[in-house]
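Notes for the one structure printed next.
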Amino acid sequence: MATAAVKETKTAITPKKKTKPSRLCFTPPVNLKNNKKNIYYTRYDCIGEGGFARCFRVKDNYGNVYAAKVIAKRSLQNEKTKQKLFGEIKVHQSMNHPNIVGFVDCFEDSTNVYLVLELCEHRSLMDLLRKRKHLTEPEVRFLMLQILGALKYMHKKRVIHRDLKLGNIMLDESNNVKIGDFGLAALLVDDEERKMTICGTPNYIAPEILFNSKEGHSFEVDLWSAGVVMFALLVGKPPFQDKEVKTIYKKIKANSYKFPRGLEISNEAKDLISSLLTQDPSTRPSIDAIADHAFFHTGYMAASLPDEVLDQKPTWPTSQSSQAFQRNLDYVATASGVGFGKSAGIEQHKPYALQNDQDTDKERILPSVLSPRDRVVPVMRIGAEDLPAAAYSNATHKASLAAAAPRRDYAVSRVTELREEALVSKLSEQRISSSKTTEAIESQRMSTHEVIIDTAKPADNEKSVWMSIRKLALRIGMAIETRAATSTIDPRAVERWPSLFIITKWVDYSNRYGLGYQLSDESVGVHFNDSSSLVLSPDESYFDYIVHKRNLPLRRLLFTSTNIPDALKNKVYLLKHFKNYMGQNLSLASQAKHAASNGAKATHMAFMHSYLRTRQAILFRLSNGTIQYNFTDHAKLIVSGEGTHLVFLDKEKRRFHLSMEEACFHSEELKARLLYARETLELWAMKLRGGNSQKETTD
Ligand SMILES: Nc1ncnc2c1ncn2[C@@H]1O[C@H](COP(=O)(O)OP(=O)(O)OP(=O)(O)O)[C@@H](O)[C@H]1O
């Protein structure tokens, strides 16, 4: 029965106590704060309770909504429990996969420890089964692929989850799998290491944990649990379900389970379950072999799960072409990184040791290394290569910029950086202590040329960046999948869309300074290697200076051309040389022009937020979310941040302004470029989410 599946009590984690530790956690205050990083959270409703923690919806001061897992400090009295929590945090925050709950932040106050997590709006698979009793095979096929993708990633990082169960597999707002709760996870230092602790949830525990405790266990225990999950999804209860835990263990030992009569379950599904529920862990298939199993190559394959599945059995089409099946399978498998000959090898990844906490705060229990927003992340440099882009690497270009460059080298000048930082924080303080409104300051600035800084809410913080890139990838994917629905497009819609900012010229000199560019409104900017940007207005009357370093709020400074702060004079000097160089040497990528704002009031301008190089293109992301692909064959694709419309410039420089849906059937060539865009955006989002600070190139 489905209700039976709801019981998922853990064993052997801590000795049984009368009071659940989560009961020691009272509703936290409405206003929470990560004091170290000055990030505020507003606490909303309780969205779940486990054995240890209660979970609340929270919103940070940038407007992002998360789930905060709250653990009462009273439940962390002994050292072992504390170490367990630190272990959970350490493992969870090292995870970065689309099917694993994102770890955002952790902090504490005098009563609780708070883990801020990606919010899984559509609750857990246990909640889903309560409603639906059991699922259809296409749903299980989709969910299992994503589960396998997450497991493959964890195992590559040498992490065993050890508590995979319906209650720990959640769904986001698009019904994608998000595996959470790393409370029992273990890190293996090398292939030989075996884990000895008996732990897990009775229904899901692998036999080697229970009956082979001398030899220990390893990654394969998660595959056993995946088999239990798959059975439960199709049948409505776990295979070894019983009221008595002892009987569950007996059944596990005897491998005694039955598929109920009257439920239509395919032979492929039964076969896959039986290979996962193999007693001998060494004969359980590898994750990629599982993804190659016939179950994932028959029946219907969905590219995503519609919201309908949350309430009722969905109706799947009765037939699907083999191409459509394969396309959807590729889409889901690629996004989750599973299957199809990709290496299932274990990554050489050693856990980092907990560092000594220098903090002297007596109440503090979290080592500072465990707070991701506390950690110093190296400057993110996406796309910078050791040499300028081939197209512009000629000697004239190099010589021209090198001659123009001031003596001090930005790439190494810490002194310059410190001066700029001092300027920005000094101005920041001035602004904070001022009671003037933005408008008042703005008009004052315009009349007196006073330099001001905008420390208001960062419009483009890191989380929203990777999420918006990921959403754009999904949007493109959806449009490609639903191309049959194109007849519903309103041809007048194109007129209503705002025209897109386009990078009309660019020059890569990131081996020394940064990447210069001109936008279609004729503003000119430089994306400096130290993650700052400087933009000059089209009428050359003012500059917008933006510091967009990882883990710091975005900071901006508007100043006029006649009042340039000393600390920024070198950057202004460089920008002017980039501008001259581009004016003299490069032709426009597109004739598209926005009206230049001659004499207009100074306002913040669009700037290039980040860029990424692949073998076939350079991708730019503008601060307004627009993504531009400049392909090596000179075609260009500019997609609006919401993914509603795009501009395509083909190799012959013909220009097409299309809705996303139209674009998918405009030509095979454009479709192929959109498929490529979807893939690279997906990868880019993953990389940004992981905070990978290395130079990025992808294929
Ligand atoms: N990221 C999330 N988004 C939405 N809800 C969540 C999220 N994480 C947890 N929850 C909800 O909060 C509940 C408690 O969380 P969790 O299971 O992680 O706590 P726990 O006490 O560590 O669990 P356990 O009892 O398994 O040890 C979950 O059952 C789920 O309903």
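Numbers here are sequence positions counted from 1. The model shown is predicted, which means the values in this text are computed figures rather than measured ones. We count ligands from 1, going down the list as the structure has it; atoms in each ligand are counted the same way. Side chains included, hydrogens not; waters and symmetry mates left out as well; all remaining heavy atoms used.
Considering backbone and side-chain N/O atoms, R123 never comes within less than 3.5 Å of an N/O atom of ligand 1. Distances between N or O atoms of L117 and those of ligand 1 include no value under 3.5 Å. In terms of polar-atom proximity, defined here as any N/O pair under 3.5 Å, A67 makes no such contact with ligand 1. Any N or O atom pair closer than 3.5 Å counts here, and F52 shares at least one such pair with ligand 1.
K237 is not listed as a side-chain neighbour of N203, based on a closest heavy-atom distance of 4.5 Å or more.
For the residue pair D172 / H122, no side-chain donor-acceptor distance below 3.5 Å is found, with atom types taken as modelled.
The atoms of ligand 1 that sit less than 4.0 Å from any heavy atom of D181 are 17 (O), 18 (O), 22 (O), 23 (O), 24 (P), 26 (O), 27 (O). The contact set between ligand 1 and V101, taken as ligand atoms under 4.0 Å from a residue heavy atom, comprises 1 (N). Atom numbering of ligand 1 starts at 1 in the shown order; those under 4.0 Å from a heavy atom of G51 are 21 (O), 23 (O), 24 (P), 25 (O).
Checked against the 6.0 Å centroid threshold, F142 and W316 do not count as a close aromatic pair. Ring centers of F259 and F231: under 6.0 Å apart, within the cut-off.
Partners of R470 by side-chain hydrogen bond (donor to acceptor under 3.5 Å, both in side chains), not counting sequence neighbours, listed by chain and number: E682. Here D280 pairs with nothing under the salt bridge (Lys or Arg N to Asp or Glu O under 4.0 Å) rule; sequence neighbours left out.
With a 4.0 Å heavy-atom cut-off, ligand 1 is reached by the backbone of E49 but not by any atom from C-beta on.
Judged by the 6.0 Å distance and 45° axis criteria, R141 is not positioned over the aromatic ring of F296.
If you check each of M170, H122, K178 against atom 7 (C) of ligand 1, the one with the closest non-hydrogen atom is M170.
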